[in-house]
Amino acid sequence: MRQKIVAGNWKMNKNFSEAEELLDAIAERLEQYKGDVQLIVCPPSVYLELASDYGEEYPLFVGAQNVSQFVKGAYTGEISAAMLTSMGVTHCIVGHSERRKYFGETDAMIAEKIKSLLSFELTPIYCCGETLEERNQNRHREVVAGQLSEALFHLTEEEMGEVIIAYEPVWAIGTGVNATPQQAQEMHDFIRRFILDKFGNEVANNLSILYGGSCNAQNAKELFSMPDVDGGLIGGASLTVEEFLAIRDSF
């Protein structure tokens, strides 16, 4: 059965006291929560241990925003999957368009990161999506299919069963412009069918596919009502407790 998920990507925001304040506020609201939506926070790496402390006491999962493709060694500034799991981290975003754009990450590099995460029993949240130019050229399916096959098709069915996919149209990230519910559903359906062709019905039907790209409390309910949209990877709207939890409650 597909898991409903709302994951917050804080990106490079919040100082330590602000991060602690936000986590406190989320934890306080979680004490009475009886729903079935899995909530994940993905703060900057310097706050992961802090967030993991909350994850031990509350129904809150913690994800990193990035991981090295290397297991250990002389890679100054990098953070390995082994380090993440040792801190109680359970998830990790990989393949975000900002990592691709600003840090030159390729699908081949991302494939290695996913393999490393899985080897340490961490759940990858794999991001894929097209630019506005690619959509206008009617190449969005081709682009996303290429990203999926190059980053994921080396996995076994069992490994693929541990992956979460986030469809994030690049033209909608941080722009205030989101895909319509129909556009999101069209691409989520395409992704699920594409995964089905490679990995079979069981994997595809249990795969959680999140929508990312200016998802907020105002549009989440309509987006989440689509049959193949299983939740959201939330950016700016995850930085305030009221909006983040309002998105969760949109199911």
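- I191 and V203 end up in the same hydrophobic cluster when Ile, Leu, Val, Met, Phe, Trp and Tyr side chains are linked at under 4.5 Å.
- Counting heavy atoms from C-beta outward, S116 and Q69 have side chains that stay 4.5 Å or more apart.
- Contact between L207 and V163 at its shortest, heavy atoms only, is CD1-O, 3.3 Å.
- No single ILVMFWY cluster, assembled from side-chain heavy atoms under 4.5 Å apart, contains both L122 and L210.
- Residues Q185 and D228 have side chains that bring a donor and an acceptor to within less than 3.5 angstrom of each other.
- Residues I40 and L245 fall into different hydrophobic clusters, defined by Ile, Leu, Val, Met, Phe, Trp and Tyr side chains chained together at heavy-atom separations under 4.5 Å.
- In this structure, F61 and H91 have perpendicular ring planes: the angle between them is above 60°, well past the 30° mark.
- Side-chain contact between S45 and Q65 is absent, with no heavy-atom pair separated by less than 4.5 Å.
- Within the 4.5 Å cutoff, the side chain of F251 has no heavy atoms near those of the D36 side chain.
- Note: K72 NZ to S80 OG = 9.5 Å, rounded to the nearest 0.5 Å.
- Remark: E49 CD to L84 CG distance equals 12.0 Å, nearest 0.5 Å.
- Checking H96 against E168 by side-chain atom types alone, a donor-acceptor pair falls below 3.5 Å.
- Note: I164 CD1 to I125 CD1 = 5.0 Å, rounded to the nearest 0.5 Å.
- A continuous path of Ile, Leu, Val, Met, Phe, Trp and Tyr side chains, each step under 4.5 Å between heavy atoms, connects I209 with I114, placing both in one hydrophobic cluster.
- We find the CG-CD distance between L117 and E162 to be 12.0 Å, quoted to the nearest 0.5 Å.
- Other residues, nucleotides and ligands contribute over 12 non-hydrogen atoms within 6.0 Å of the CD atom of Q137.
- Cluster annotation: I93 and I247 are assigned to distinct hydrophobic clusters (Ile/Leu/Val/Met/Phe/Trp/Tyr, side-chain heavy-atom contacts under 4.5 Å, transitive).
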- Query: Would R99 and E105 count as a salt bridge (charged side-chain N to carboxylate O under 4.0 Å, His left out) if you check the C-alpha gap in whole Å, the side-chain angles of each, and the deciding distance to 0.1 Å?
  - Reply: CA-CA 6 Å; R99 298 294 312 176; E105 291 193 6; 2.9 Å; yes
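- By the 4.5 Å heavy-atom criterion applied to side chains, H154 and K115 are counted as neighbours.
- Counting heavy-atom neighbours within 6.0 Å of E121 CD, excluding the residue itself, gives a total of 12 or less.
- Residues S214 and N219 approach most closely at O-ND2, 3.1 Å, considering heavy atoms.
- Using bins of under 30°, 30° to 60° and over 60° for the plane-to-plane angle, the ring pair F16/Y47 lands in the perpendicular bin.
- Of all non-hydrogen atoms in A237 and C215, the two that sit nearest each other are CB-O, 3.8 Å.
- At a cut-off of 3.5 Å, with distance as the only test, a side-chain donor of Y54 or D24 sits close to an acceptor on the other residue.
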- Message: I'd like to know whether E20 forms a salt bridge (charged side-chain N to carboxylate O under 4.0 Å, His left out) with K14, so could you lay out the CA-CA distance, the side-chain angles of the two residues, the decisive distance to 0.1 Å, and finally the verdict.
- Response: CA-CA 9 Å; E20 190 171 31; K14 303 289 185 185; over 6 Å; no
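- The aromatic rings of F70 and Y75 sit parallel, their planes meeting at an angle under 30°, below the 60° perpendicular limit.
- Side-chain contact between M160 and L152 is present, with heavy atoms from C-beta onward closer than 4.5 Å.
- Proximity of a side-chain donor or acceptor of N205 to a complementary backbone N or O of E202 within less than 3.5 Å is not detected.
- For the pair T85 (side chain) and A82 (backbone), a donor-acceptor distance under 3.5 Å is absent.
- Formation of a donor-acceptor pair under 3.5 Å by the N9 side chain with backbone atoms of I234 is not found in this model.
- We find that E98 and K101 are not joined by a salt bridge, their nearest charged nitrogen and carboxylate oxygen being 4.0 Å or further apart.
- Nearest heavy atom pair, residue A217 against residue E243, reads N-OE2, 3.1 Å.
- Under the 4.0 Å criterion applied to side-chain N and carboxylate O atoms, K198 and E157 are not assigned as salt-bridge partners.
- Under 3.5 Å, the side chains of E133 and W171 contain no donor-acceptor pair of N or O atoms.
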- Message: Let's go through D189 and R192 carefully: what are the C-alpha distance in whole Å and the side-chain angles of both, what is the deciding distance for side chain to side chain contact (heavy atoms under 4.5 Å, CB included) to 0.1 Å, and is it a yes or a no?
- Response: CA-CA 5 Å; D189 175 70; R192 199 176 303 283; 5.6 Å; no
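- In this structure, A7 and F244 approach most closely via the heavy-atom pair C-CE1, 4.1 Å.
- Looking at T131 and E134, their side chains do bring a donor and an acceptor atom within 3.5 Å of each other.
- For the pairing with P43, the side chain to side chain contact (heavy atoms under 4.5 Å, CB included) check across L50, L48, L22 returns one residue only, L48.
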- Determine, step by step, whether I165 and C128 satisfy the side chain to side chain contact (heavy atoms under 4.5 Å, CB included) criterion, reporting the C-alpha distance in whole Å, the side-chain angles of both residues, the deciding distance to 0.1 Å, and the verdict. CA-CA 8 Å; I165 291 178; C128 58; 4.0 Å; yes
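- For F199 and F153, the ring centers are positioned less than 6.0 Å apart.
- Side-chain contact between T90 and T123 is absent, with no heavy-atom pair separated by less than 4.5 Å.
- Residues K4 and D230 are not paired through a salt bridge, judged by the lack of any N-O separation under 4.0 Å between the basic side chain and the carboxylate.
- Panel note: side chain T156, backbone E159; a donor-acceptor pair is recorded below 3.5 Å.
- Electrostatic pairing of R193 and D197 does not count as a salt bridge here, judged by no charged N lying under 4.0 Å from a carboxylate O.
- With contacts defined as side-chain heavy-atom distances shorter than 4.5 Å, the pair R141/R135 does not qualify.
- E242 CD: more than 12 foreign heavy atoms inside a 6.0 Å radius.
- With rounding to the nearest 0.5 Å, the separation of OH in Y167 from NE2 in H188 is 7.5 Å.
- When every heavy atom of V94 is checked against every heavy atom of P124, the shortest pair comes out as CG2-CB, 4.1 Å.
- Taking CG from L223 and NZ from K221, the interatomic distance works out to 12.0 Å, rounded to the nearest 0.5 Å.
- Side-chain contact between I79 and V67 is absent, with no heavy atoms from C-beta onward closer than 4.5 Å.
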- Report the C-alpha distance between F224 and Y211 in whole Å, list the side-chain angles of each, state the deciding distance to 0.1 Å, and finish with yes or no for side chain to side chain contact (heavy atoms under 4.5 Å, CB included). CA-CA 9 Å; F224 295 172; Y211 172 77; 5.6 Å; no
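- Heavy atoms of other residues, nucleotides or ligands lying less than 6.0 angstrom from CD of Q3 number more than 12.
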- Task: Might you work through the side chain to side chain contact (heavy atoms under 4.5 Å, CB included) test for N66 and F103, ending with a clear yes or no?
- Result: CA-CA 11 Å; N66 185 37; F103 302 98; over 6 Å; no
